[in-house]
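Shown next, in structure tokens, is the structure this report addresses.
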Amino acid sequence: PDNNSWKANRNVNFTFNSSVDTRPANGSLWTNATGTWAFTLLNNSAVNQNIPAGINFTFSSDGDFLWNIQVCDTNGLCGFNNTNRTVRIDSIAPFVNLTSPDNNSWKANRSMNFTFNTTDANIVNATLFTNQSGSWSPTQANQTAVQNNLINGINYTFASDSTYLWNIQVCDTAGNCAFNSSNRTVNINTVPANVTLTNPPDLGALQSRTISFLFIPNNSRTPNFINATFWTQAGGGWRILAANSSALVNNTNNTITYT
């Protein structure tokens, strides 16, 4: 491989060619895989003059390793490439943890920050994946450098309200890429609920101070409402005096009672 190149697999094919006055006898891979510079593996196929040859070797661990090829001819004369090379092996994919937004959360804004943290010493990039286009695909790359073991974020604005799957893919220098172990869902609704007041009628005369105020909430995107509050100017100033005491039902009469 090229000098200082990254490999995501511990099994590496070291290729070389040799130009000697006599027929090459063998080629041997030398590395510092054991901690010292030493012979590592002999070629297992014929070495021919001026024809590329290869030696496959599997390292026992990830790391940065020096390597070179020694070729000997039939007269016992041996030589190396004039400089050693370095191969960098990282076979471990990044760990990705999604932090926000929470799974199945609701957002009233189409613009949001998808945050995550990741563990890998050699991070290259991160990409937000969604199904916004109708299929699972890359949507937005990181806008700032991704930091190891810190909270990172990717900002993105959706084109429309909907329910979307999302995840973050992180890749390292060696080409290892990984997602969080599961996708998340985000629900977007930027349209407020429509509320229709049904009782008491406008300017209606009532004989009791305890009144049931009836209303119909409607929202096709968010049928699960959190709360409703009763606002009035009674007592001076526009303010909240009561809230719903039971679950709200979409497109149906609901009641808030106040005395």
Is there a donor-acceptor contact under 3.5 Å from the side chain of [X] to the main chain of [Y]?
X	Y	value
Arg10	Ser60	yes
Asn56	Asn11	no
Ser105	Asn103	no
Asn32	Gly35	no
Asn131	Ser135	no
Asn142	Ala126	yes
Asp172	Ala174	yes
Thr40	Ala38	yes
Asn122	Asp120	no
Thr185	Leu165	no

Asn187/Thr163 under side-chain hydrogen bond (donor to acceptor under 3.5 Å, both in side chains): CA gap, chis, key distance, verdict: CA-CA 4 Å; Asn187 304 284; Thr163 295; 2.8 Å; yes
Scan Phe158, Phe114, Phe116 and name whichever one has a ring-ring contact (aromatic ring centres under 6.0 Å, His included) with Trp166.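 When ring-ring contact (aromatic ring centres under 6.0 Å, His included) is applied between Trp166 and each of Phe158, Phe114, Phe116, only Phe114 qualifies.
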N/O donor-acceptor pairs under 3.5 Å from side chains in residues 78-85, not counting sequence neighbours:
{"from": "Asn81", "atom 1": "ND2", "to": "Thr83", "atom 2": "O", "distance (Å)": "2.8"}
{"from": "Asn84", "atom 1": "OD1", "to": "Asn68", "atom 2": "ND2", "distance (Å)": "2.8"}
{"from": "Arg85", "atom 1": "NH1", "to": "Pro1", "atom 2": "O", "distance (Å)": "3.0"}

Report the relative orientation of the aromatic rings in [X] and [Y]; use parallel for angles under 30°, tilted for 30 to 60°, perpendicular for over 60°.
X	Y	value
Phe230	Tyr258	tilted
Phe129	Trp136	tilted
Trp67	Phe14	tilted

Side-chain heavy atoms of Lys107 within contact of Val186, under 4.5 Å: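 Lys107 reaches Val186 side chain to side chain.
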Got Asn254 and Leu214 here, is their nearest side-chain heavy-atom distance under 4.5 Å?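 No. Closest side-chain heavy atoms not under 4.5 Å.
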Matching residue for [X] among [options] - test: side chain to side chain donor-acceptor pair (under 3.5 Å):
X	options	value
Asn251	Asn194, Asn218, Asn219	Asn218
Tyr156	Arg110, Gln132, Gln140	Gln132
Asn149	Thr119, Thr118, Asn117	Thr119

Answer with yes or no whether the side chains of Thr99 and Thr115 bring together a donor and an acceptor at under 3.5 Å.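 Judged by distance alone, the side chains do pair up.
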Side chains of Asn180 and Asn167 only: does a donor on one sit below 3.5 Å from an acceptor on the other?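 No - no donor-acceptor pair under 3.5 Å links their side chains.
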Using salt bridge (Lys or Arg N to Asp or Glu O under 4.0 Å) as the criterion, list what pairs up with Arg239, not counting sequence neighbours.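 Arg239 satisfies salt bridge (Lys or Arg N to Asp or Glu O under 4.0 Å) with no residue once adjacent residues are dropped.
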Residues which pass salt bridge (Lys or Arg N to Asp or Glu O under 4.0 Å) with Asp102, listed by chain and number, not counting sequence neighbours: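 Asp102 satisfies salt bridge (Lys or Arg N to Asp or Glu O under 4.0 Å) with no other residue.
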Hey, is CD1 on Ile226 packed in by over 12 heavy atoms from elsewhere, all under 6.0 Å?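 Incorrect, the count does not exceed 12.
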Set of residues satisfying side chain to side chain donor-acceptor pair (under 3.5 Å) with respect to Thr232, sequence neighbours excluded: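 With neighbours one apart ignored, the set is empty.
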According to side chain to side chain donor-acceptor pair (under 3.5 Å), who are the partners of Thr173, at least two apart in sequence or on a separate chain?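 Expected list: none.
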I'd like to check the side chain to side chain contact (heavy atoms under 4.5 Å, CB included) partners of Ser246; sequence neighbours left out, ordered by chain and number.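 With neighbours one apart ignored, the set is empty.
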